[in-house]
Every structure is written in structure tokens, then in C-alpha cells.
Q: 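Provided herewith is a single structure, encoded as C-alpha cells, for subsequent inquiry.
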Amino acid sequence: SKKPIRVAITGAAGNIGYALLFRIASGQMFGPDQPVALNLIEIEPGMNALRGVAMELDDCAFPLLTEIVQTSDLNVGFKDVNWALLVGSVPRKQGMERADLLGINGKIFVGQGKAINDNAAADVRILVVGNPCNTNCLIAQKHAPKIPAERWFAMTRLDENRAKTQLAQKASVPVKDIANLCVWGNHSPTMFPDFYNAKISGKPALDVIGDETWLKDTFVPKVGKRGAEIIAARGASSAASAANAVVDTVVSLTTKTAPSEFHSVCVLSSGEYGVPEGIITSLPIKSDGEKWEVVKGVQLTDYAKEQIAKSNQELLDEREMALAAL
Ligand code: NAI
């Protein structure tokens, strides 16, 4: 029988956690033949709720789930993990400046980076979801010297999925017919969903939709503000769709990408496409099932380059604020 993949999830008793754990334990992240062990990490006030969630996992009797660890101790939580899904973070409260938020979370992610560095399995890979996810990821990465930089990811897949559905609905085609939709930059309203390279049923999205003004002035902001639209409607932030995007991101990194497809993942930039080096920024990624790479040869229009540069400037500013606060 296969050795279980051990997965740590921080913020495991939160809303995304509640939608995510059951999908991992049921086999949707690593496949129907792969056992999994879950290391559920919460802060002390979340431990009681976490016990309830663990009881529900027990009550699902998932055949693939071999063990549940519940802890608020990072050294226990990250022990021998093959994947660390960093979902928990401190939300922005009223009156809190962006710099404060970056500082508070920066300190949390320093601790998590160190604990992952000291305890995780040799092959650990990390996906940061908790916002500001790009900068949180960068801070943790900088404090984990043993772990190769290419093992660190932050999540823009929810933005990609949102963008794909918007194009599909506009073009009246099934969403599976949309491909090559890369969201570039920061996971924030400044991100740029690159409709110029997107394909609808194999044809350029611009040709199929035939309305560049709609793409620039309606589609792009719609994707950027979708999170706020969901909060307004649901009274709570996206949780099931975020958890779904976590599953999609891990699947895309661990299985072979279709030949002409790519997906949005935030990785540590080494200057591809002229983006600044040393930020965790969203780029078009493909995988051979084990190794990933930034897809080469994507042609960017001047408008796209301008939008991407703005979003990456925001990441440079965030990095500066976060480092200053540490
Ligand atoms: P939530 O507030 O329901 O749950 C967060 C959980 O994390 C809570 O149970 C809390 O006790 C726990 N937590 C807080 N600090 C922690 C720490 N230092 N260590 C361990 N656990 C900790 O929030 P929700 O809805 O689950 O969202 C989680 C995060 O994901 C938020 O930062 C949110 O902004 C972000 N998010 C990111 C998305 C993306 O596309 N990258 C999409 C949607 C949400």
C-alpha cells in the first residue's frame, strides 16, 4: 500500500478549511488511490471548533484518510508534511492600515516559514492562501533557507477560474472551452486577467467576443471585484470556491498540464517577462507532473504589460512595507 501524503492546513477550522479538508480526505487532491494524513493547525481560540471539524472528518469514514493531527503547535503541525497549505491569516479589521496588516501577518509567516523549514519532509511544497497571500508567501520563504525557492506558491487560481466563467458566460460556451487564461501579478484587485491570450474554443477570446471595451472595462474589474461581490451577497467571503481553487492548484502542479494549456500560480519571480525579481507574482505555469516551469513565449500587448507592471509595483510596495514592519 502507498505511503500517505501528509498535508498541513493552517486555519483548518475556518471557512475555507471547512470546505477544503473533506475534498482532500475524499481523494480529490491527490487521486483515488493515494492515502492522506491531515495535520490540522489552528490558533488556540480555534481549537474547540477544530475538534468538531475533526469529528466530522471521522464521521465521513473516508477510506483514504489515515490520520488526523490537531494542534496549535507549529512544530507538531508541520512535522514531516509533504504539503503545507497556509490558509489561516489575520483579516484586516476596521481602522487597520495596510501596513499594519502586512506587519501582523508578516510576523505570523516568519514563524510558519521557520517551523516548516525545521520540521517538514524533505520534499515539502507550500501553497499560501491567507491574504495578503503573495507577500505572506515571500516572508515565509525568506525564513526557510533549507527549502528550495521553487517549492513556494501563492494562489491566484480562484481568479483564473472566475475569469474563465465570465468569458464562458459572455460567449455562451461551456467553461471547459476556455483555455490559456493567465492572471498576472498580485492576488488583489490590481491583478490582470490576460484576455488577449485567452482562447475560447481554440480561438482568441478577443475575436470571439469582439468587444475589447467590454473586456477592458467590464470583464477585468468584474474579476477583480468578484470577492467583494460575493461578500456583499453571502455576508461572508468566498470559501467553497477558494477551497476548490486550492485543489485545482495542487492538481495542476502535480499532474501533467495539457499540451497547449497553462495555469495561473504565484511563484518567486526570476525576472521572466520583465517582471521584477524577488517577488511572489502570478505567472503562466505548466507542469510535467513533477517539475513546473514558467511558460515561455506568451505575447503581451502594451496594455497588458502596463497593467501587469502596476500590479507588480504593488507587490514591490508590499514587500517593502512587510520587511519594514519586521
Ligand atoms: P476564516 O476567518 O473563516 O478562517 C481563518 C481561520 O484561520 C480561523 O479559524 C482562524 O482561527 C485561523 N487562524 C488565524 N490565524 C492563524 C494562525 N496564525 N495559524 C493558524 N490558524 C490561524 O477565513 P477563511 O474564509 O477561511 O479565509 C482564510 C484566508 O484566505 C483569508 O486570509 C482570506 O483572505 C484568504 N482567501 C484567499 C483567497 C485567494 O484566492 N488567495 C480566496 C479567498 C480567501
Side-chain angles (χ1 to χ4, degrees), residues 8-23 39-54 69-78 81 84-93 96 98 101-116 126-137 139-140 153-163 183 185-191 193 223-231 234-250 263-266 280-282 315 318:
I9 301 101
T10 67
N15 282 302
I16 294 175
Y18 195 68
L20 176 62
L21 304 181
F22 299 85
R23 297 197 55 188
N39 284 20
L40 309 181
I41 304 174
E42 262 293 342
I43 48 176
E44 203 45 57
M47 287 307 287
N48 209 30
L50 185 61
R51 271 189 285 282
V53 177
V69 173
Q70 301 170 54
T71 186
S72 57
D73 179 338
L74 295 180
N75 292 321
V76 174
F78 292 122
V81 299
L85 308 174
L86 308 185
V87 178
S89 75
V90 173
R92 187 163 171 177
K93 299 187 185 86
M96 198 190 271
R98 228 160 68 98
L101 182 76
L102 284 158
I104 292 168
N105 279 301
K107 291 194 182 74
I108 291 169
F109 283 80
V110 167
Q112 295 189 355
K114 286 182 176 162
I116 293 168
I126 305 95
L127 173 63
V128 182
V129 177
N131 281 317
C133 65
N134 298 60
T135 300
N136 289 343
C137 183
I139 298 297
F153 310 98
M155 191 168 93
T156 39
R157 182 57 170 268
L158 178 53
D159 309 300
E160 174 184 326
N161 288 346
R162 287 168 171 167
V183 171
N186 193 5
H187 169 70
S188 88
T190 66
M191 81 187 102
V223 176
K225 293 179 190 149
R226 183 70 161 183
E229 196 184 346
I230 287 168
I231 292 173
R234 212 173 80 84
S237 91
S238 334
S241 56
N244 178 70
V246 175
V247 174
D248 282 352
T249 304
V250 174
H263 292 289
S264 321
V265 189
C266 309
I280 300 275
T281 188
S282 189
L315 283 171
E318 280 188 17

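We count ligands from 1, going down the list as the structure has it; atoms in each ligand are counted the same way. Position 1 is the first residue of the sequence, and the numbers go up from there.
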Q: Among Leu101, Asn131, Leu74, which one has a heavy atom closest to atom 33 (C) of ligand 1?
A: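 Result: the heavy atom closest to atom 33 (C) of ligand 1 is in Asn131.
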Q: Measure Cys133 to ligand 1 on non-hydrogen atoms and call it side chain, backbone, both or neither using the 4.0 Å cut-off.
A: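 The part of Cys133 near ligand 1 is the side chain, not the backbone.
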Q: Taking Arg234 for the side chain and Ser238 for the main chain, is one N or O donor matched with an acceptor at less than 3.5 Å?
A: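 No; zero donor-acceptor contacts below 3.5 Å.
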Q: Nearest heavy atom to atom 13 (N) of ligand 1: which of Gly88, Gly14, Gly46 does it belong to?
A: Gly88
Q: How close does the nearest protein non-hydrogen atom get to atom 44 (C) of ligand 1, and which residue and atom is it?
A: Ile16 CD1, 3.4 Å
Q: Between Gln112 and ligand 1, find which residue part has any heavy-atom pair under 4.0 Å and reply side chain, backbone, both or neither.
A: side chain
Q: Would you indicate which of Leu158, Ile230, Val87 comes nearest to atom 42 (C) of ligand 1 when only heavy atoms are counted?
A: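 Among Leu158, Ile230, Val87, the closest heavy atom to atom 42 (C) of ligand 1 belongs to Leu158.
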Q: Evaluate Thr10 for polar contact with ligand 1, using N/O atom pairs at a separation under 3.5 Å.
A: no
Q: Would you tell me whether Glu42 and Ser72 have side-chain atoms, one donor and one acceptor, within less than 3.5 Å of each other?
A: no
Q: Does the protein place a non-hydrogen atom closer than 4.0 angstrom to atom 27 (O) of ligand 1?
A: yes
Q: Is there a donor-acceptor contact under 3.5 Å from the side chain of Asn39 to the main chain of Ala8?
A: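 It does not hold such a pair.
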Q: For residues Asn136 and Asn131, is any side-chain donor paired with an opposing acceptor at under 3.5 Å?
A: no
Q: Could you tell me the residue and atom name of the protein heavy atom closest to atom 21 (N) of ligand 1, and the distance to it rounded to 0.1 Å?
A: Gly11 N, 3.2 Å
Q: Between Glu42 and ligand 1, does any nitrogen or oxygen pair lie at a separation below 3.5 Å?
A: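 There is such a contact, yes.
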Q: side-chain hydrogen bond (donor to acceptor under 3.5 Å, both in side chains), that's the test. Do Ser241 and Arg157 meet it? Break it down for me.
A: CA-CA 10 Å; Ser241 56; Arg157 182 57 170 268; over 6 Å; no
Q: Is it the side chain, the backbone, both or neither of Met155 that has a heavy atom closer than 4.0 Å to ligand 1?
A: both
Q: Using a 4.0 Å cut-off to any heavy atom of Ile43, which atoms of ligand 1 qualify?
A: 11 (O), 14 (C), 16 (C), 17 (C), 18 (N), 19 (N), 20 (C), 21 (N), 22 (C)
Q: Side-chain donor-acceptor pairs under 3.5 Å in residues 108-116, sequence neighbours left out?
A:
none

Q: Using the test side chain to side chain donor-acceptor pair (under 3.5 Å), find all partners of Asp159 that sit at least two apart in sequence or belong to another chain.
A: His187
Q: Which protein non-hydrogen atom lies closest to atom 18 (N) of ligand 1, naming both residue and atom, and how far is it?
A: Ile108 CG2, 3.4 Å
Q: May I ask you to check whether Ser238 has an N/O atom sitting below 3.5 Å from an N/O atom of ligand 1?
A: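 N/O-N/O distance below 3.5 Å does not exist for this pair.
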